[in-house]
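This report refers to the structure that appears directly beneath it.
Just so we're clear, the structure is a prediction, and the values are computed from it rather than from any experiment.
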Amino acid sequence: MSNTRKRRSTSGGEQRRTLHRTGPSPTAALQLLGLTVVTIGLMALGPKDAAIDTGGYAWLGCLAIAPAATWALVAIARGYLYEFLLSPAGLALAYLWASVIIVPIAWRAGLATPWDDLASPQGRVIVWACLQMVFLTAGTAFAVRQFKPRRIRLTITNERRFVRVLYISAAFGIVSILWLLQAAGGLTSLLSGLSTRRDMLSGLGFIGALAAIPAAASLLLLLARPKGPAQRILVVALSAEYFGYLFISGARFPLISYAIALLLAVAHRRRVPPGAFVVLLLAAVPFSTWYAISVRKTSRSVASQGSETSTIFSTLHSSLEPFINGGVDTLRTLSAPIAAAPGDWHFNISNFFGGLFTLVPRVVWPNKPNGVSIAFSQQYFSDRWEQGTGVPPSILAESIFFFGAIGGLLYLLLVGILLGWCSVRAWRTTSPFMRIMFIFTTSDAIVWVKSGSDSFFRSLTLHGVGLLVLYFMTRQIEIVSSLRKDTNDEASGH
């Protein structure tokens with residue numbers, strides 16, 4: 001009798017779990033999301049007296065879109081929201097939706113200042129960004145129809161040979177840092193300014209491939225679970241080398257994305273408390289604020305020049321505004337092509353291929369076309385570029401920059417499908433090196449949505465080359481991998 005009740009209870013639990021994993025419907029969520037965006041769009045793009053402006057109703061529209069966007073992400077994840085948010089599509093969508101929704105609310109709350117160097121209505125920029133996000137989200141929903149993530153467990157048979165490979169990887173990291181410093185004329189010269197740093201680092205992209213070897217090794221070690229104090233020290237040393245290289249070279253966003261990659265490697269082995277990612281986000285705020293103030297001069301003043309007294313609100317404003325404007329705001333770069341519409345809204349495939357051509361070293365092709373970031377900065381932010389600061393386009397801005405209005409929406413739809421496919425594969429592959437490659441793809445997805453496709457492809461290529469070198473160095477080491485039966489299984493993989 002008790003066995004029968006137990007079987008019925010187990011069967012009921014499985015049915016509830018199955019129901020939880022398959023609902024709600026992504027189609028219904030996308031319909032609600034699209035309807036919300038269209039309604040707000042009609043308000044913003046209608047008569048001038050009904051236009052949405054930053055000081056009036058834009059933040060209310062963002063509050064209305066927020067629950068629909070959240071429901072769409074939950075529906076796409078199909079019960080695996082934690083794992084989906086740690087995938088390329090999930091991380092990219094969460095970041096972009098947060099940017100589109102939070103930035104106008106921060107303007108309204110006085111925690112950030114809207115751009116004042118471009119003649120584009122903020123309301124129209126916000127509505128267009130939401131419309132673009134609907135296409136990107138729809139593409140992801142189409143690709144992520146069977147999202148059943150599984151964590152991986154690795155067993156390394158020859159630990160001594162594996163540790164030897166880790167030491168060699170650390171040596172590559174030291175060589176890359178010393179090479180970078182020697183080419184720039186020393187640490188003081190390299191950190192003197194962003195404009196001179198850009199010229200110093202020109203043509204030295206291959207050093208990033210050497211630096212990526214210890215980065216890949218640190219992810220492999222975390223994925224396999226470090227054994228003993230020696231391996232724990234090694235993973236800290238390998239990570240510190242890559243952090244040091246990124247900091248010296250002035251790569252702010254790649255530095256934050258690598259920190260995310262370290263947590264992702266652990267999350268693919270066992271569940272990481274969500275609080276760890278929150279702590280990382282909170283740590284990124286003061287770092288990005290310091291970087292924006294000290295290194296990357298913004299085009300707007302950080303604090304009011306007429307205020308001599310310091311209050312709690314003014315201190316909060318001066319701390320958060322550089323982070324919002326420089327780290328979260330993807331709307332400003334989108335406002336550039338919108339301000340130039342419809343004159344600049346045309347199909348320009350050369351801009352797209354310019355981003356791919358950045359993968360070719362200038363040693364091989366000295367006169368290769370400029371990348372997307374350079375071309376975009378020179379066209380829309382020439383004053384910033386002349387001062388030595390580039391303004392790379394977000395994925396929303398580059399879609400119009402590449403293919404115009406309609407073509408840009410289709411481009412985002414295809415990007416959503418690509419990121420969705422990567423998200424499914426990232427959590428299902430049994431190959432440890434493909435896992436690491438997808439982890440890099442996930443963390444670099446932030447670079448793509450914030451800084452454009454050329455930055456993403458360049459970063460992913462360097463990481464891929466470093467991982468390829470690590471793969472050949474471990475050919476003689478047997479690494480046995482298997483998938484856990486349940487995503488929430490916390491058993492050791494050894």
Side-chain angles (χ1 to χ4, degrees), residues 152 154-184 186-187 190-191 201 204-252 254-269 280 431-440 443-444 458-479 481 493-494:
I152 193 172
L154 300 181
T155 302
I156 299 176
T157 57
N158 194 330
E159 291 288 343
R160 184 174 299 179
R161 186 174 294 178
F162 179 62
V163 171
R164 191 182 307 141
V165 169
L166 297 179
Y167 279 117
I168 297 175
S169 301
F172 277 115
I174 295 174
V175 169
S176 65
I177 293 177
L178 294 178
W179 198 340
L180 183 66
L181 293 176
Q182 188 275 333
L187 181 61
L190 189 61
L191 298 179
L201 300 181
L204 298 179
F206 63 91
I207 300 180
L210 293 179
I213 298 175
S218 66
L219 297 185
L220 179 60
L221 185 54
L222 287 174
L223 206 60
R225 187 179 181 182
K227 291 183 177 179
Q231 291 193 12
R232 293 190 182 94
I233 294 175
L234 265 176
V235 74
V236 172
L238 292 167
S239 304
E241 285 182 349
Y242 196 57
F243 275 126
Y245 169 82
L246 293 174
F247 180 79
I248 293 174
S249 61
R252 177 187 56 164
L255 194 150
I256 298 175
S257 68
Y258 174 60
I260 295 175
L262 293 175
L263 287 178
L264 288 174
V266 180
H268 275 260
R269 175 171 52 85
L280 176 60
S431 168
F433 292 96
M434 287 304 299
R435 280 266 175 165
I436 295 174
M437 194 63 204
F438 281 121
I439 289 174
F440 276 133
S443 59
D444 288 342
R458 181 169 59 250
S459 178
L460 192 63
T461 299
L462 294 177
H463 289 152
V465 172
L467 182 62
L468 185 63
V469 174
L470 180 65
Y471 169 78
F472 282 110
M473 288 194 299
T474 57
R475 288 295 301 272
Q476 302 302 319
I477 301 175
E478 185 180 4
I479 303 177
S481 62
H494 302 280

- [ ] Heavy atoms only: give me the nearest Ile174-Glu241 pair and the separation to one decimal.
- [x] CG1-OE2, 3.2 Å
Task: Atom pair CG (Leu262) and CG (Leu280), whose distance is rounded to the nearest 0.5 Å - done: 9.0 Å
- [ ] Would you give the length of the straight line joining atom CG of Leu154 to atom CG of Leu220, rounded to the nearest 0.5 angstrom?
- [x] 7.0 Å
Open item on the list: Just verifying a value: how many Å separate Ile152 CD1 and Ile436 CD1, rounded to the nearest 0.5 Å?
Closed with: 9.0 Å
- [ ] Find out whether Phe433 and Thr474 are in side-chain contact, i.e. whether some heavy atom of one side chain is under 4.5 Å from a heavy atom of the other.
- [x] yes
Task: Stepwise side-chain contact (heavy atoms from CB on, under 4.5 Å) test for Tyr167 and Leu234 - done: CA-CA 8 Å; Tyr167 279 117; Leu234 265 176; 3.9 Å; yes
- [ ] Return the minimal non-hydrogen interatomic distance between Ala265 and Ile439, and the atom names on each side.
- [x] CA-CD1, 3.7 Å
Open item on the list: Please check: side-chain N/O of Tyr245 versus main-chain N/O of Gly208, any donor-acceptor pairing under 3.5 Å?
Closed with: yes
TODO: Count the heavy atoms belonging to other residues, nucleotides or ligands that lie under 6.0 Å from OH of Tyr471, then report whether that count exceeds 12.
DONE: no
Task: side-chain contact (heavy atoms from CB on, under 4.5 Å) between Leu221 and Phe162, worked out - done: CA-CA 9 Å; Leu221 185 54; Phe162 179 62; 3.6 Å; yes
Task: side-chain contact (heavy atoms from CB on, under 4.5 Å) assessment of Gln231 paired with Glu159 - done: CA-CA 10 Å; Gln231 291 193 12; Glu159 291 288 343; 3.0 Å; yes
Open item on the list: Rounded to the nearest 0.5 Å, what separates atom OG in Ser443 from atom CD1 in Ile260?
Closed with: 7.0 Å
TODO: Check whether any side-chain heavy atom of Ile477 lies under 4.5 Å from a side-chain heavy atom of Ile156, and answer yes or no.
DONE: yes
- [ ] Could you pull out the closest heavy-atom pair between Leu219 and Ala261, with the gap in Å?
- [x] CD2-O, 3.5 Å
Task: Heavy-atom pair with the smallest gap, counting every atom of Ala211 and Tyr242 - done: O-CD1, 3.1 Å
Open item on the list: Is it true that Tyr258 and Ser218 share a donor-acceptor pair across their side chains at a distance under 3.5 Å?
Closed with: yes
TODO: Specify the closest pair of heavy atoms between Leu238 and Ala217, including all atoms of both residues, with the distance to one decimal.
DONE: CD1-CB, 3.9 Å
Open item on the list: Donor-acceptor check, side chain of Arg269 to backbone of Leu222, threshold 3.5 angstrom: yes or no?
Closed with: yes
TODO: Report the distance from atom CG of Leu460 to atom NE2 of His463, rounding to the nearest 0.5 Å.
DONE: 8.0 Å
TODO: Using modelled atom types only, decide if a donor and an acceptor are shared between the side chain of Arg161 and the backbone of Gln476 within a distance under 3.5 Å.
DONE: yes
Open item on the list: Pair Asn158, Glu478 - check side-chain contact (heavy atoms from CB on, under 4.5 Å), show working.
Closed with: CA-CA 7 Å; Asn158 194 330; Glu478 185 180 4; over 6 Å; no
Task: Taking every non-hydrogen atom, the tightest pair across Ser176 and Ile207 - done: O-CG2, 3.4 Å
Open item on the list: So, taking the atom named CG in Leu467 and the one named CZ in Arg435, what distance separates them when rounded to the nearest 0.5 Å?
Closed with: 14.0 Å
